Amino acid sequence: MQPVRPEFVPDASLTREEMESLQDEIAEAAVFEDDLGFDPEDVTVGRDSGQRSLVEADPPVIAGVDQAFLEDDRAVSAAVALRAGEVIDEATAVAETEIPYIPGLLSFREGNAVLAALEALSVSPDLTVVDGSGRIHFRQAGLATHVGVTLDHPTVGVAKNLLCGTPREPIPDRLPEGARIPIEANGDVTAPDGTVIGYAYQSRQYERGSTSINPLYVSSGHRISAEAAVAVVERTCDGYKLPEPTRLADALADEAKSEFR
DNA sequence: GCGACAG
DNA sequence: ATCTTGTCGC
């Protein structure tokens, strides 16, 4: 995969104002509707892939990317590609983190590492799951959207915490497994109030006990609707809170850390 | 001025 | 994200 919109490649030397206006342009170019080359129903993971994958001749390739950081100012990004739950490709890359973490500007810190890892992949995924928000972002241009639009490639954002927006209804202490609650735009987001910019999705939950698992915050990155984004995430989860592509990329990024020092 | 904010 | 052992609860 190569950038299709070079002008959107993250440039950490820009001023904060320039970064924000670039995000406005990215959001303008983003497609928050389904423009996938596959049916989300054909996405499978190891567990229940049995029946379905047998009848599906050409399962979509889903990739996951995640970052880990070195002691200095370098980020290690790892990408893992799977087809029907089977790993078919992996790649890692290192990049300088030129700026600190700033809520709302994450892609200018980690974006290039992500792009480098995805470019190092020898296969071209049908969709990539990114760790972080997509449309759930002040200017509707989170890391997943930034990367997706730059590559003009379908992406989904999966975050462990809500950056902005408001749940349509208060999120219970213990959301049942499989539940989803719409996240709507509010005054903090550049979208009409009430616009559904993503979902709180409970990928896993304990049946009983005092502790509970928090939901995932799923949003469209590029070329996918919020509903389909949740459907894809649901089908890539395999008994754990995080989607399998993300878990594998996270593990690979950790391993790669020791090799890059 | 205060609060709030992915990784 | 990262520094980190045990520990409480699935």
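From a predicted model like this one, the values you see are computed outputs, not experimental measurements.
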Could you state the atom-to-atom distance from CZ of A:R139 to P of B:dA6 in whole Å?
-> 13 Å
Looking across every strand, which nucleic acid part, if any, lies under 4.0 Å from A:I136 by heavy atom: base, sugar-phosphate, or nothing?
-> nothing
A:R16 CZ to B:dC5 P: how many Å, rounded?
-> 15 Å
CA sep, side-chain torsions, deciding dist, call: A:D89, A:S122, side-chain hydrogen bond (donor to acceptor under 3.5 Å, both in side chains) = CA-CA 7 Å; A:D89 196 15; A:S122 44; 2.9 Å; yes
Between C1' of B:dA6 and CD1 of A:I99, the distance in whole Å | 13 Å
If we ignore angles and hydrogens, is there a donor and acceptor under 3.5 Å between the side chains of A:S225 and A:E33?
-> no
Give the rounded distance in Å between these two atoms: CG of A:N186 and P of B:dC5.
-> 12 Å
With sugar-phosphate meaning primed atoms plus P, OP1 and OP2, does A:L70 contact a base, only sugar-phosphate, or nothing at under 4.0 Å between heavy atoms?
-> nothing
Spacing between A:D254 atom CG and B:dG7 atom C1', to the nearest angstrom = 14 Å
If we ignore angles and hydrogens, is there a donor and acceptor under 3.5 Å between the side chains of A:E110 and A:Y101?
-> no
Contact class for A:A75 (heavy atom, under 4.0 Å): base, sugar-phosphate, or nothing?
-> nothing
Please determine if A:R247 forms a cation-pi arrangement with A:Y240, meaning its NZ or CZ atom is less than 6.0 Å from the six-membered ring centre and no more than 45° off the ring axis.
-> yes
With distance as the sole criterion, is a donor-acceptor pair present between the side chains of A:S77 and A:Q67 under 3.5 Å?
-> yes
To the nearest Å, give me how far apart CG (A:L242) and C1' (B:dG7) are.
-> 13 Å
Aromatic stack A:Y101/B:dG7: centroid gap under 5.5 Å, interplanar angle under 30° | yes
Side chain of A:K257 only, please: which of C:dC3, C:dG9, B:dG7 is the nearest?
-> C:dC3
Reckon A:F138 touches a base, only the sugar-phosphate, or nothing at all at heavy-atom distances under 4.0 Å?
-> base
Whole-Å distance between C:dG9 P and A:K241 NZ?
-> 20 Å
Sorted by position of nearest nucleotide on DNA chain C, 5' first, the leading residue of A:E207 and A:D250 is A:D250
Send over the distance from A:N161 CG to B:dA6 P, rounded to a whole Å.
-> 6 Å
Side-chain atoms of A:T211 come closest, of B:dG7, B:dC5, C:dG9, to C:dG9
Nearest-nucleotide pick for A:S210, side chain only, options being C:dG9, C:dT2, B:dA6 | C:dG9
Have a look at A:D188 and say if it touches a base, only the backbone sugar-phosphate, or nothing, with a 4.0 Å heavy-atom cut-off.
-> nothing
